[in-house]
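Have a look at the structure below, then the notes.
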2 protein chains.
Amino acid sequence: MARRSQTELAVLGALSMQPMTAYAVRSAIRDVLGHFWSESFGQIYPTLTALERHGMVQGQEAGRSGSSVFSLTHAGQQRLRQLLAEPVVTTPPRNGLLLRLFFGRTTGLAACRDLLITAQADAQQRLHEYEALAEHVATEDADSPDAPYTLITISAGRYTAQATLQWAADALRSLDQLAPTSGGPVPDGSAER
Amino acid sequence: MARRSQTELAVLGALSMQPMTAYAVRSAIRDVLGHFWSESFGQIYPTLTALERHGMVQGQEAGRSGSSVFSLTHAGQQRLRQLLAEPVVTTPPRNGLLLRLFFGRTTGLAACRDLLITAQADAQQRLHEYEALAEHVATEDADSPDAPYTLITISAGRYTAQATLQWAADALRSLDQLAPTSGGPVPDGSAER
DNA sequence: ACGAGCATGTAAGACGTTACATGATTAG
DNA sequence: CTAATCATGTAACGTCTTACATGCTCGT
């Protein structure tokens with residue numbers, strides 16, 4: 001699946017939950033899918049325009065300000081099904097944190113500890129967010145047919161955050177064993193020249 | 001940090017471990033950093049050329065075929081430190097699996113089960129790879145000063161894979177509870193027109 | 001009246017992948 | 001000798017982000 005159709009998929013999916021304006025699509029992708037998906041602002045409008053041209057969605061003027069509410073057409077429904085059935089596209093990994101830890105010898109123990117502690121705090125934060133979110137969905141939207149699927153994606157976030165917490169604690173322990181007291185960066189050899 | 005300097009960072013980092021040819025840099029990024037980092041082929045050569053122009057690396061002809069082995073200059077060392085010290089850049093998330101599960105109501109229970117089972121198998125596979133890798137590093141390169149840091153990144157992969165396994169099992173259970181017997185996609189309304 | 005948020009777009013430029021093109025070396 | 005791998009690049013194309021530009025509406 002080409003990369004562009006990933007944006008198409010997200011937009012069609014958002015509209016499949018309920019008709020909304022382009023602006024609302026953007027908000028929904030940011031707020032609802034935000035934990036595992038992102039689309040940049042400048043992608044959504046052109047994509048919606050193209051989808052309308054191909055008859056996948058149709059806009060309906062609403063209110064006096066000329067904002068148009070888009071909804072899926074039947075062709076759009078089918079297109080969504082088709083895209084969902086295509087194999088999952090995995091983006092090439094780019095984990096800046098692990099890259100820095102990998103080259104940790106150059107920056108030294110202390111810098112690595114800082115990175116890990118920050119990662120731990122971030123994961124803890126996310127864990128709280130996921131738990132609040134899961135609770136909210138389980139109580140408010142419990143009867144929605146989408147709820148079980150939403151909960152599964154939230155659960156993925158929770159497991160990942162928990163794994164990060166455990167890993168970071170583990171890694172910090174291993175660094176402590178390495179050199180309990182000090183840990184500056186390796187000398188840079190400036191004096192040698 | 002601009003996105004380009006991420007490539008710079010990976011290339012400088014690779015060369016900080018040992019001098020090598022552009023081709024070897026590419027192989028190292030693919031094979032060694034592969035679990036958490038990727039650079040496309042077409043980026044590495046231009047980046048190396050630019051780095052040489054700026055005096056960050058210097059190439060030395062080796063062998064009769066004119067292949068040049070690059071090594072970090074002092075300026076390159078400093079540049080690497082500087083880049084490593086900059087805040088971690090997080091790429092916007094794009095998890096195609098979770099996107100599909102989120103819209104699971106449209107594709108139906110069976111499709112979601114398939115996705116989860118595949119994800120489980122993939123995670124299991126990765127877990128084995130990480131364990132083999134960790135064992136290899138712990139025995140072969142145990143005395144390398146880079147070994148502790150390498151092991152931390154491998155550990156991250158292990159924790160993540162394990163979390164995926166648990167999450168998928170959990171999710172499969174919750175889907176089973178939802179409808180133990182059937183689970184086709186929602187009707188698409190074709191007949192209604 | 002004014003600021004926050006709703007709403008719609010465009011354009012430039014950075015970023016990245018893929019395919020193409022070419023040749024040397026080495027293991028089987 | 002021949003296939004795989006090492007080795008070096010370029011060019012085209014597609015993708016994505018960011019910044020800019022503009023105006024409305026609603027609450028305070």
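Side chains are part of it too, since the values below use all heavy atoms of this structure and drop only hydrogens, waters and symmetry mates. Everything numeric in this text was worked out from a predicted model, so none of it was measured.
Ion pairing between a basic and an acidic side chain is recognised when a charged N comes within 4.0 Å of a carboxylate O; A:Asp176 and A:Arg173 show no such pairing.
Ring planes of A:Phe36 and B:Phe102: tilted class, angle from 30 to 60°.
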B:Thr47 and B:Glu8: CA distance, side-chain angles, deciding distance, side-chain hydrogen bond (donor to acceptor under 3.5 Å, both in side chains) verdict = CA-CA 6 Å; B:Thr47 300; B:Glu8 220 182 298; over 6 Å; no

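When the P atom of C:dA7 is taken as reference, atom CD of A:Glu61 falls 13 Å away, rounded to whole Å. Separating the CZ atom of A:Arg94 from the C1' atom of D:dC16 is a distance of 13 Å, rounded to the nearest angstrom. Computed from coordinates, the A:Met20 CE to C:dA7 C1' distance equals 15 Å when rounded to whole Å. Atom CD in A:Gln43 sits about 16 Å away from atom P in D:dA19, given to the nearest Å. Per the geometry, CD belonging to B:Gln6 stands 13 Å off C1' belonging to C:dG16, to the nearest Å. Following rounding to the nearest Å, A:Ile44 (CD1) and C:dT8 (P) show an atom-to-atom distance of 11 Å. Rounded to an integer number of Å, the gap from CH2 of B:Trp37 to C1' of C:dG16 is 13 Å. Distance A:Ile29 CD1 to C:dA7 P: 15 Å, rounded to the nearest Å.
Listed by first then second residue, pairs satisfying salt bridge (Lys or Arg N to Asp or Glu O under 4.0 Å) with a partner in residues 139-156 of chain B read A:Arg105-B:Asp146, not counting sequence neighbours. Here side-chain hydrogen bond (donor to acceptor under 3.5 Å, both in side chains) pairs that include residues 18-31 of chain B, with residues two or more places apart or in two chains, number zero. Within the structure, no pair that satisfies the salt bridge (Lys or Arg N to Asp or Glu O under 4.0 Å) test touches residues 158-169 of chain A, not counting sequence neighbours. Residue pairs meeting the side-chain hydrogen bond (donor to acceptor under 3.5 Å, both in side chains) criterion with at least one partner in residues 119-129 of chain B, sequence neighbours excluded, are B:Gln125-B:Glu129.
For CD of A:Glu135, the number of neighbouring non-hydrogen atoms (other residues, nucleotides, ligands) closer than 6.0 Å is 12 at most.
Residue B:Leu175 is grouped with residue A:Val88 when hydrophobic side chains (ILVMFWY) are merged at heavy-atom distances under 4.5 angstrom, including chains of intermediate members.
When the nearest nucleotides of DNA chain D are assigned to B:Arg26 and A:Ser38 by heavy-atom distance, the more 5′-ward of the two goes with B:Arg26.
With C:dT17, D:dT18, C:dT8 as the choices, the nucleotide that has an atom nearest any side-chain atom of A:Ser40 turns out to be D:dT18.
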Between the protein and nucleotides 2-6 of chain D, list the N/O to N/O atom pairs that are separated by less than 3.5 angstrom.
from	atom 1	to	atom 2	distance (Å)
D:dC6	OP2	B:Tyr23	OH	2.8

For nucleotides 9-11 of chain C, print each protein N/O atom paired with a nucleotide N/O atom at under 3.5 Å, atom names and distance only.
none

